Protein chains: 2
Amino acid sequence: MKIMGSEPTAFWVALNLAYRSVHRDMEEALKQAGLPSLRWYDVLWELERAPDGMRPFELENDLLFEQSNLSRTLRRIVGEGLVEEFTYAADRRGKVLRITAKGRRLRKQMWAVYGPQIENKFGPLADTEDADKLIAILKSLIS
Amino acid sequence: MKIMGSEPTAFWVALNLAYRSVHRDMEEALKQAGLPSLRWYDVLWELERAPDGMRPFELENDLLFEQSNLSRTLRRIVGEGLVEEFTYAADRRGKVLRITAKGRRLRKQMWAVYGPQIENKFGPLADTEDADKLIAILKSLIS
DNA sequence: TTCATATAGATGTATTTTCATCTAATCTAT
DNA sequence: ATAGATTAGATGAAAATACATCTATATGAA
């Protein structure tokens, strides 16, 4: 019989705190620089890599967004002119999103802050061969 | 010069998605069972292990709570009779929190759902011979 | 075709979280 | 002792997120 303080719990607790700590610091750095949140970055970067645009529901899956949350986030992002919406001919319920030039510029500006943050936090670990193993494990947890 | 798709970024992306995916599922399971959120669990468990009670600011540090958020979360938790507040004689700005019998019962109920979730997700990994090393890496990210 | 079901996305409402600021108590240096 | 700075915690207002539901289109089986 497993007891509470066992290994799996320790792993989850560490994962939890690590994520939150890093996330908090990164949001802080972006805010400090007068830039939007990480969620916005994720959307912009995802769209920047999709030359033909993406559907909202694809973003939802890739980024683990709550549907209603994404819908409103997109409204704001589109409102800022960072992304454009087009009706999707093949399915008239849907739409297609494409990043704008302005969106690309902002994404790049954000990367200037975000990138170094990642480098600071994770650069030192990246050498460890254990890091690869950990990445694999982390990926396996995603459903 | 580092490019964007490099190792550290892969690590962070995996950490990010893993956390969110697991967290979402766990919250879902708790909600399904009509139980409060993980944040409440964290507070209750932390207090359960503190025989002499804890100060809010200690919880704030241990659980990476935003101060104002914790303040309100505590109001709700105390409102439900799960935790009691006492004035802290040695520093009259502060207070001491102690879990109640009701709080302990609820914490246990929650564990009946939460524990198995952890076991499901992380149990399989625990065999990894260097789980400890991976945990250490995660912990090293916490500031 | 037609009815039932499923999917894409929006939106009203409630809840949670953040941000900024406030009060009261404590601490520190003079 | 006292002025200034710091800390514990609360709170109004704003923003983000979640939940439930709704509309419109699409799909699939009879």
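A quick note: this is a predicted structure, and the numbers were derived from the prediction, not measured. Per chain, numbering begins at 1; letters A, B, ... match sequence-line order.
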Original post:
How does the hydrophobic cluster around B:Phe57 look, that is, which other residues are in it when side-chain heavy atoms under 4.5 Å mark a link?
Top reply: none
Original post:
CD of B:Glu27 versus C1' of D:dC19: gap in Å, rounded?
Top reply: 14 Å
Original post:
If you measure from CG on B:Leu97 to CD on B:Glu85, what distance do you get to the nearest 0.5 Å?
Top reply: 6.0 Å
**OP:** Could you note down all residue pairs passing ring-ring contact (aromatic ring centres under 6.0 Å, His included) where residues 119-143 of chain A supplies at least one of them, sequence neighbours left out?
**Re:** A:Phe122-B:Phe11, A:Phe122-B:Trp12
Original post:
Roughly how many Å is it from CG in B:Leu38 to C1' in D:dA18, rounded to a whole number?
Top reply: 15 Å
Subject >> Minimum-distance nucleotide to B:Pro56 side chain [options: C:dA8, D:dT17, D:dG9] >> reply: D:dG9
Original post:
Can you tell me how far C1' of D:dA18 sits from CZ of B:Arg20, to the nearest Å?
Top reply: 14 Å
**OP:** Indicate, with yes or no, if B:Leu138 and A:Leu125 share a hydrophobic cluster defined by side-chain heavy-atom contacts under 4.5 Å among Ile, Leu, Val, Met, Phe, Trp and Tyr.
**Re:** yes
Original post:
Going by heavy atoms closer than 4.0 Å, what residues in residues 59-76 of chain A are next to DNA chain D?
Top reply: A:Glu66, A:Ser68, A:Asn69, A:Arg72, A:Arg76
**OP:** Please report, rounded to the nearest Å, how far the C1' atom of D:dT25 is from the CZ atom of A:Arg55.
**Re:** 11 Å
**OP:** Return the minimal non-hydrogen interatomic distance between B:Met110 and B:Pro36, and the atom names on each side.
**Re:** CE-O, 3.0 Å
Which donor-acceptor pairs under 3.5 Å do side chains of residues 62-76 of chain A form with protein atoms, sequence neighbours excluded?
residue: A:Asn69; atom: OD1; partner: A:Thr73; partner atom: OG1; Å: 3.4
residue: A:Thr73; atom: OG1; partner: A:Asn69; partner atom: O; Å: 2.9

Each nucleotide N or O in nucleotides 2-4 of chain D that has a protein N or O under 3.5 Å away: list the pair and distance.
none

Original post:
Taking all non-hydrogen atoms of both residues, which atom of B:Val113 and which atom of B:Ala33 are closest, and how far apart?
Top reply: CG2-CB, 3.9 Å
Subject >> Gap between atom CD1 of A:Ile99 and atom CZ of A:Arg49 - 0.5 Å precision >> reply: 11.0 Å
Original post:
Between A:Lys31 and C:dT18, does any side-chain N or O lie under 4.0 Å from OP1 or OP2?
Top reply: no
Subject >> Atom-pair distance (NE2 on A:His23; P on C:dT17), nearest Å >> reply: 13 Å
Subject >> Parallel, tilted or perpendicular, as decided by the 30° and 60° cut-offs, for the rings of B:Tyr114 and B:Trp111 >> reply: perpendicular
**OP:** Measure from CD on B:Glu28 to P on D:dA20 and round the result to the nearest Å.
**Re:** 10 Å
Original post:
In Å and rounded to the nearest 0.5 Å, what is the CG to CZ distance from B:Asn61 to B:Arg55?
Top reply: 11.5 Å
Original post:
Roughly how far, to the nearest 0.5 Å, is CG of A:Leu17 from CZ of A:Arg24?
Top reply: 10.0 Å
Original post:
What integer distance in Å separates A:Met54:CE from C:dG9:P?
Top reply: 11 Å
Original post:
Looking at DNA chain D, which of residues 84-97 of chain A put a heavy atom within less than 4.0 Å of it?
Top reply: A:Asp91, A:Arg92, A:Arg93
